[in-house]
Amino acid sequence: MKLKLQINQVIKDAFIKANIEHKPMSVCESTKPEFGDYQFNGAMALSKKLGKKPREIATKIIENLNLSGVLIKAEIAGPGFINLWLNPLWIAIQCHNALSDDRLSVEVRKTPIKVVVDYSGPNMAKQMHVGHLRSTIIGDTLVNLFTFLGDEAIRQNHIGDWGTQFGMLIAYLEEIGEDGSVSLNDLEQFYKDAKGRFDADADFANRAREYVVKIQSGDAHCLQLWQKFIDISLGHCEEVYNKLDVKLTREDVKAESFYNDDLPNVVEKLQSKEMLQQSDGAQCVFLEGDEVPVIVQKSDGGYLYATTDLAALWYRANIVGAKRISYVVDARQSGHFKQIFRVAKEAGFVADDVMLEHIAFGTMMNKGGKPFKTRDGGTVKLIDLLDEAVIKAKETINDKESYSKEELEALAKVIGIGAVKYADLSINRESNYVFNWDKMLSFEGNTSLYMQYAYARIQSIFRRFDGEIKSDIIIGDRLEHRLSVMLLRFEDMLIRTALDAAPNQITTYLYDLVTLFMRFYEQNPILKDGVDEQTKMSRLALADLTAKTIKQGLDILGIQVVNKL
RNA sequence: GCACUCAUAGCUCAGCUGGAUAGAGCAUCGGUUUGCGGUACCGAAGGUCACAGGUUCGAAUCCUGUUGGGUGUACCA
């Protein structure tokens, strides 16, 4: 449910009744429990416009406030804050409704839009490394979120499968002469070996260059080799996606090569708009205020990264029909995206009402604050990192004997992969973050384990109870009240998260929610002796709604829960 | 050189469209229990929000400058 909207409506009514002519601002969550559930700060801002004292305006608003439905109490504080308390009876009904709804009362957007989310984007010439982690899981989370809110979110995996290096790679694959599946197990090594041949043997190097041209002109033999190479390499990626539990499939792949035939058109269209200028033999778009141009065609006639991206933008806006196109790519490329977005808009490749955004993220660092590398300075393979996460997760599991081998594996995967994802998603994506195993696999603080533990703990209540929740929710003490309000904030939080494309808002919310629940549960017994039936049922309902909210929140983050931990 | 970005507690991080005494976790010190999962909960201590100005009723948040770090800077992706 859209909680803020409900409260804003009450405020708005008061404005009308009080005859105050001004578009009311939105309420916001109170900074402290003593200040109520929500607060309205608009009186101060209105003071100057209306030529009245803030407290005077606030008084007038309060006098006209309906305190019999959503709200129950309002107070003026400080210079003119209006603190608002939600009506416990109303809250109780809303929680009850949420509990009886699969979607926890989160509405499906009435006017859904198409959103393209471009993420992961591995290079087929190499194995996925830690640098691909953030893009892959942030992108996947965003698609989950947009989809849950009712939009039509489309995954696009813009894999790097085109370019000069592939000539070398397929020439080497051909030379080895086997089916490739063995030597391609280690792409890094394969690349190194191919490069070694390329540097050492001039004939080989020439053949490699030739093959580049041949693939691009559609030579059947070379294309076949290339296809085989891509298949195997993509297979490696899928292994990672599978471990990571992200939903990318081959259907979502729209590779660089996909846009190959469009590249001349891009240049042509820019030409016809008279946006191109030749500089040092290259075709460039010079943007006003930018020092460096966007090069769309090299002096040798070849096309570049920017050309492909422009073709992709055109495709996504005009063929797919996206109204929002989101690129989940490393922050270092912000200059590149700023440029191609401008070119695309100025050239009319995408309409004005299409939102183009670069969802930039920072780098993963080691404890020393340097980019995350292996001991010998190489890049860390993503698959190794994930395997290690599962191994470390296994160590955190108590009484391993009570599980079968399969159960233990499954549990370790849920914990380990969840920890890696949660640790990453809980950080404000724009900042760099320090990778730390101990922290992410801790039960304390804002971690996946704390959430999963809370969920499992609630499930254990229901194992003991094993009945049906009957009767209504009654909001008793302050903690119950706060917990309920927090539960009702779920949709507001999701909408805000989607708007900002900032998954850490979900983790922050879940952490606040779980913390509140733990406190509530500490003070308010549920199944202990002496709890009357009605109270028991009410608290069970709140526990149930809490668990469902945790599960739904983690599900959007692509993290699983377990009933026993 | 220019552009972008960041700077919050000892450490790791929150802080949403400017709002009240800047919040968590870890680490430190102390407390709660014959416990519905203590892998929990409560409390104490810890801050000149890099620095200096400005905008205003009000600034960690917006603007300018300074310092320090990161990144990007024409035919790689």
Side-chain angles (χ1 to χ4, degrees), chain A residues 25-26 28-32 34-35 39 41 44-45 47-48 53-54 77-81 83 121 123 125 158 160 162-165 256 279-284 286 289-300 302-306 308-309 330-336 338 360 362-363 365 367 369 371 396 398 423 426-428 430-434 436 438-439 442-447 449-450 452-454 456-465 492-493 496-497 499-500 502 504-505 507-508 511-512 515 518-519 521-529 531 536 539 543 564-565:
Chain A
M25 329 167 24
S26 173
C28 59
E29 285 139 30
S30 289
T31 49
K32 282 178 202 296
E34 310 91 270
F35 299 153
Q39 58 178 259
N41 304 329
M44 275 96 73
S47 163
K48 199 171 243 179
K53 290 199 174 100
F81 298 101
N83 294 334
N123 188 329
H158 192 78
W162 213 236
T164 46
Q165 54 200 339
E256 284 175 3
S279 175
D280 292 338
Q283 294 296 330
C284 307
F286 283 88
D290 275 7
E291 227 177 296
V292 294
V294 180
I295 302 178
V296 292
Q297 190 168 23
K298 297 194 278 187
S299 46
D300 68 3
Y303 302 102
L304 295 125
Y305 181 37
T308 312
D309 268 343
D330 193 291
R332 280 173 292 197
Q333 298 201 31
S334 60
H336 165 76
K338 214 172 264 180
T363 316
M365 306 293 206
K367 278 180 192 161
T396 70
N398 286 336
S426 64
I427 298 293
N428 183 332
E430 291 183 58
S431 47
N432 298 341
Y433 81 102
V434 178
N436 183 333
D438 294 338
K439 195 183 156 193
S442 163
F443 277 89
E444 288 158 340
N446 190 7
T447 64
L449 267 173
Y450 185 65
Q452 287 167 333
Y453 171 72
R457 212 175 156 183
I458 296 173
Q459 296 317 305
S460 95
I461 300 173
F462 285 100
R463 271 197 298 277
R464 290 174 55 102
F465 169 63
D492 282 346
M493 178 280 297
R496 183 77 211 180
T497 303
L499 201 67
D500 296 341
N504 74 308
Q505 291 180 20
T507 61
T508 301
Y511 181 56
D512 288 344
T515 305
M518 288 290 201
R519 293 178 61 188
Y521 190 44
E522 196 76 18
Q523 288 188 27
N524 303 31
I526 297 180
L527 298 182
K528 282 185 185 172
D529 292 341
V531 182
K536 185 204 275 184
R539 290 177 182 168
K564 275 172 86 172
L565 199 61

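From a predicted model like this one, the values you see are computed outputs, not experimental measurements. Chain letters run A, B, ... following the sequence lines, proteins first, then strands; residues in each count from 1.
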[N] pairs with, by Watson-Crick or G-U criteria that keep both distances under 3.5 Å:
| N | answer |
| --- | --- |
| B:rG72 | B:rC2 |
| B:rG19 | B:rC57 |
| B:rC49 | none |
| B:rC41 | B:rG31 |
| B:rC26 | B:rG10 |

Starting at [atom1] of [X], measure out to [atom2] of [Y] and round the result to the nearest 0.5 Å.
| X | Y | atom1 | atom2 | result |
| --- | --- | --- | --- | --- |
| A:Asp438 | A:Lys367 | CG | NZ | 5.5 Å |
| A:Asn446 | A:Ile427 | CG | CD1 | 8.5 Å |
| A:Ser426 | A:Tyr511 | OG | OH | 11.0 Å |
| A:Tyr433 | A:Lys439 | OH | NZ | 10.0 Å |

Describe the nucleic acid contact of [X] in one word from base, sugar-phosphate, nothing, applying a heavy-atom distance below 4.0 Å.
| X | result |
| --- | --- |
| A:Ile427 | sugar-phosphate |
| A:Ala77 | base |
| A:Pro79 | nothing |
| A:Gln283 | nothing |
| A:Asn398 | base |
| A:Ser431 | sugar-phosphate |
| A:Asn83 | base |
| A:Tyr450 | sugar-phosphate |
| A:Thr508 | sugar-phosphate |
| A:Lys564 | base |
| A:Gln165 | nothing |
| A:Met44 | base |
| A:Arg457 | base |
| A:Asn41 | base |

Rounded interatomic separation in angstrom, taking [atom1] from [X] and [atom2] from [N]:
| X | N | atom1 | atom2 | answer |
| --- | --- | --- | --- | --- |
| A:Tyr511 | B:rG23 | OH | P | 15 Å |
| A:Met25 | B:rG19 | CE | P | 10 Å |
| A:Lys439 | B:rC11 | NZ | P | 13 Å |
| A:Lys298 | B:rA77 | NZ | P | 6 Å |
| A:Met518 | B:rG25 | CE | C1' | 14 Å |
| A:Asn123 | B:rA77 | CG | P | 10 Å |
| A:Glu522 | B:rG38 | CD | P | 8 Å |
| A:Asn504 | B:rG25 | CG | P | 18 Å |

Rounding to an integer number of angstrom, what distance separates [N] and [M] when you compare their [atom1] atoms?
| N | M | atom1 | result |
| --- | --- | --- | --- |
| B:rG53 | B:rU17 | P | 26 Å |
| B:rU39 | B:rA45 | C1' | 25 Å |
| B:rG15 | B:rA50 | P | 15 Å |
| B:rC16 | B:rG35 | P | 43 Å |

Discussion item. According to a cutoff of under 5.5 Å between the ring centres and under 30° between the ring planes, does A:Phe81 stack with the base of B:rA20?
Written reply: yes

Fill in: Comparing A:Lys338 and A:Gly445 on RNA chain B - which has the more 5′ nearest nucleotide
A:Lys338

Worksheet item: Which residue, A:Thr363 or A:Ser30, contacts RNA chain B at a nucleotide closer to its 5' end, judged by nearest heavy atom?
Response: A:Ser30

Quick one: does [X] reach the base of [N] with a side-chain donor-acceptor pair under 3.5 Å?
| X | N | value |
| --- | --- | --- |
| A:Asp290 | B:rA74 | no |
| A:Ser279 | B:rA74 | yes |
| A:Glu291 | B:rG1 | yes |

Think [X] has a side-chain N or O under 4.0 angstrom from the OP1 or OP2 of [N]?
| X | N | answer |
| --- | --- | --- |
| A:Asn436 | B:rC11 | no |
| A:Asn428 | B:rG15 | yes |
| A:Lys32 | B:rG23 | yes |

Worksheet item: Aromatic rings A:Tyr453 and A:Phe443: how do their planes relate, parallel, tilted or perpendicular, breaks at 30° and 60°?
Response: perpendicular

Expected output: side-chain [X] to main-chain [Y] donor-acceptor under 3.5 Å:
| X | Y | answer |
| --- | --- | --- |
| A:Asn432 | A:Thr363 | yes |
| A:Asp300 | A:Gly302 | yes |
| A:Thr308 | A:Glu256 | no |

Worksheet entry | Nearest listed nucleotide, side chain of A:Cys284, among B:rA77, B:rG70, B:rA74 | B:rA74

